[in-house]
A.B. asks: 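Next up is a structure, given as structure tokens.
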Amino acid sequence: MMRTRPLKVALLGCGVVGSEVARIMTTHADDLAARIGAPVELAGVAVRRPDKVREGIPAELITTDATALVKRGDIDVVVEVIGGIEPARSLITTAFEHGASVVSANKALLAQDGAGLHAIAEEQNKDLYYEAAVAGAIPLVRPLRESLAGDKVNRVLGIVNGTTNFILDKMDSTGAGYQEALDEATALGYAEADPTADVEGFDAAAKAAILAGIAFHTRVRLDDVYREGMTEVTAADFASARGMGCTIKLLAICERAADGESVTARVHPAMIPLTHPLASVRGAYNAVFVESDAAGQLMFYGPGAGGAPTASAVLGDLVAVCRNRLSGATGPGDSAYTRLPVSPMGEVVTRYHISLDVADKPGVLAQVATVFAEHGVSIDTVRQQGKDGEASLVVVTHHASDASLNGTVEALRSLDTVRGVASIMRVEGE
């Protein structure tokens, strides 16, 4: 039997995502009520610009006093889609303290202080759900928290930013330079006027912190994630990648160490074989590859951003939280029992592609090979081309630590025969 008294929802933010949440709550009201077991009612919408026309939202629901809204006491669920650290953190904390559960899409806040928010939610016996914080419409947080709760996840490898994937895909498919591809992404609305958060990897790093924490049941903060942007990737890098049967993606990589005693989390451009499922992810789409002991290899794919896709994830969480509210229960909370340390990037072991500008004369290859050997870095393949006294030397290594590779590169720069290091890129996804 359906309960007739509605569950009341406060919406913080009514931009691209928030307006879609409000629209779906209105247009799908009957379906949502049937799935939840009670009607859901939009009880208030907090905004910064009250004079803006918001189609479908009654004017009496609009308020600029978000704090008063979450303090009302009759609110069952607060949906936070304003982003940023403050006032979002204070508003979520206040919501918990005044009896509401929370659904959030705030990756930056969760990456910085997810542990603190979970602690308050647990103390107040309330839910904190955030499927929309990681990969838009793609179900990923809940599968990691619930479906794979009985398994051991060893690696999460993914494309978690649609803007960067669009840019790199354009560079690969058309031969465009970075700036040309960025300009097209901006014109199509995929890139913000200031694309720094995307192209420098900040957005992906926040998502990597959240994914690593859930996957490995440990504390991983944004500061723990190594981050490297993609602004230095060139058409020449793509040419080199094609020569190896690879393409280039900006990847979020979260790994459990082979001995199980630590984890790593990093974001950087990497060459990935064309045979890997992630290599075929085109345009502004996202995809995440999960490797676990029992389930093996799983791939999650779909639109990772946009109003409607992100609102879909928010509404999925809203349904789950409302069901919990009706039953008097809470869903899965924070699971950080392993307390594994996060290893620094210098200890990460991977393959490398190094392109050197060298003098075109006998003995250069032997000198370069000696430097690699002295630093304990094993060479997989070497390719050399040159004329008129200048040459390019492309070296692909076997697995080596980041620290040993850095030492190798510094030593190479000291050779008279090495004119410069054109590029260094990691090779992933074997």
Side-chain angles (χ1 to χ4, degrees), residues 140 143-145 147-160 201 204-205 207-228 244 246 249-273 275-279 287-300 335-354 372-373 375-381 395-409 424-430:
L140 188 57
L144 286 172
R145 285 212 301 189
S147 304
L148 295 174
D151 205 345
K152 179 183 178 184
V153 175
N154 297 310
R155 195 171 196 236
V156 179
L157 172 76
I159 299 163
V160 295
K207 296 170 182 176
I210 296 169
L211 289 174
I214 298 170
F216 307 134
H217 304 279
T218 194
R219 301 271 189 239
V220 180
R221 289 169 48 91
L222 181 58
D223 292 345
D224 296 322
V225 182
Y226 172 83
R227 178 194 55 78
E228 184 180 319
M244 293 176 57
C246 294
K249 300 291 186 181
L250 184 74
L251 298 177
I253 305 166
C254 311
E255 294 178 304
R256 188 191 300 268
D259 62 6
E261 297 301 315
S262 64
V263 300
T264 60
R266 50 199 166 99
V267 169
H268 54 70
M271 294 183 180
I272 189 167
T275 53
H276 194 283
L278 290 177
V288 178
F289 204 71
V290 178
E291 301 174 11
S292 69
D293 276 0
Q297 297 179 331
L298 306 169
M299 182 162 156
F300 300 83
S335 174
Y337 68 91
T338 62
R339 303 184 186 279
L340 296 173
V342 182
S343 297
M345 188 61 188
E347 297 177 12
V348 171
V349 175
T350 188
R351 296 175 67 208
Y352 289 88
H353 174 282
I354 305 103
F372 276 87
H375 288 79
V377 179
S378 177
I379 294 175
D380 183 16
T381 62
V395 178
V396 179
T397 74
H398 287 291
H399 288 86
S401 71
D402 193 74
S404 63
L405 194 282
N406 286 339
T408 302
V409 171
I424 304 171
M425 191 166 295
R426 296 169 184 86
V427 182
E428 301 284 346
E430 297 169 87

A.B. asks: List in chain and number order the residues that pass ring-ring contact (aromatic ring centres under 6.0 Å, His included) with H268, two or more places apart in sequence or in another chain; answer none if no residue qualifies.
C.D. replies: none
A.B. asks: Using the test side-chain hydrogen bond (donor to acceptor under 3.5 Å, both in side chains), find all partners of D224 that sit at least two apart in sequence or belong to another chain.
C.D. replies: none
A.B. asks: The criterion is side-chain hydrogen bond (donor to acceptor under 3.5 Å, both in side chains); which residues satisfy it with D293, sequence neighbours excluded?
C.D. replies: N154
A.B. asks: Please round to the nearest 0.5 Å and tell me the distance separating atom CG of D380 and atom OG1 of T397.
C.D. replies: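 The CG atom of D380 sits 7.5 Å away from the OG1 atom of T397.
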A.B. asks: Report the distance from atom CG of L211 to atom CD1 of I253, rounding to the nearest 0.5 Å.
C.D. replies: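 Reported value, rounded in 0.5 Å steps: 12.5 Å.
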A.B. asks: Suppose we screen for side-chain hydrogen bond (donor to acceptor under 3.5 Å, both in side chains). Which residues come up paired with S335, at least two apart in sequence or across chains?
C.D. replies: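 side-chain hydrogen bond (donor to acceptor under 3.5 Å, both in side chains) list for S335, sorted by chain: H217.
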A.B. asks: Hey, is R266 close enough to E255 for a salt bridge, meaning N to O under 4.0 Å?
C.D. replies: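 Salt bridge present between R266 and E255.
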A.B. asks: Is any side-chain heavy atom of I354 less than 4.5 Å from a side-chain heavy atom of L405?
C.D. replies: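 Yes, side chains in contact.
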A.B. asks: Working to the nearest 0.5 Å, report the span between CZ of R219 and CG of L340.
C.D. replies: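 So the gap between those two atoms works out to 12.0 Å.
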A.B. asks: Hey, could you give me the NE2/OG1 distance between H353 and T381, rounded to the nearest 0.5 Å?
C.D. replies: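 The OG1 atom of T381 is 8.0 Å from NE2 of H353, to the nearest 0.5 Å.
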A.B. asks: Could you check whether any side-chain N or O of T350 sits under 3.5 Å from a backbone N or O of V427, counting only pairs where one atom can act as donor and the other as acceptor?
C.D. replies: yes
A.B. asks: Please tell me if the side chains of D402 and R426 come closer than 4.5 Å, counting only heavy atoms from C-beta onward.
C.D. replies: yes
A.B. asks: What pairs with R256 under side-chain hydrogen bond (donor to acceptor under 3.5 Å, both in side chains), at least two apart in sequence or on another chain?
C.D. replies: none
A.B. asks: Would you check if I159 and L251 make a side-chain contact, meaning some heavy-atom pair closer than 4.5 Å?
C.D. replies: yes
A.B. asks: Heavy-atom distance under 4.5 Å between the side chains of L140 and V160, does that happen here?
C.D. replies: no
A.B. asks: Atom CD1 in I272, atom CE in M244: separation rounded to 0.5 Å?
C.D. replies: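 Between atom CD1 of I272 and atom CE of M244 there are 11.5 Å.
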A.B. asks: Set out, in order, the CA-CA distance, both residues' side-chain angles and the distance that settles side-chain contact (heavy atoms from CB on, under 4.5 Å) for Y352 and V395, then state yes or no.
C.D. replies: CA-CA 8 Å; Y352 289 88; V395 178; over 6 Å; no
A.B. asks: Could you pull out all residues at least two apart from F289 that satisfy ring-ring contact (aromatic ring centres under 6.0 Å, His included)?
C.D. replies: H276
A.B. asks: V225 and A205: which non-hydrogen atoms are nearest, and at how many Å?
C.D. replies: CG2-O, 3.7 Å
A.B. asks: In sequence, state the C-alpha distance, the side-chain angles, and the governing distance for L144 and F300, and then conclude on side-chain contact (heavy atoms from CB on, under 4.5 Å).
C.D. replies: CA-CA 11 Å; L144 286 172; F300 300 83; over 6 Å; no
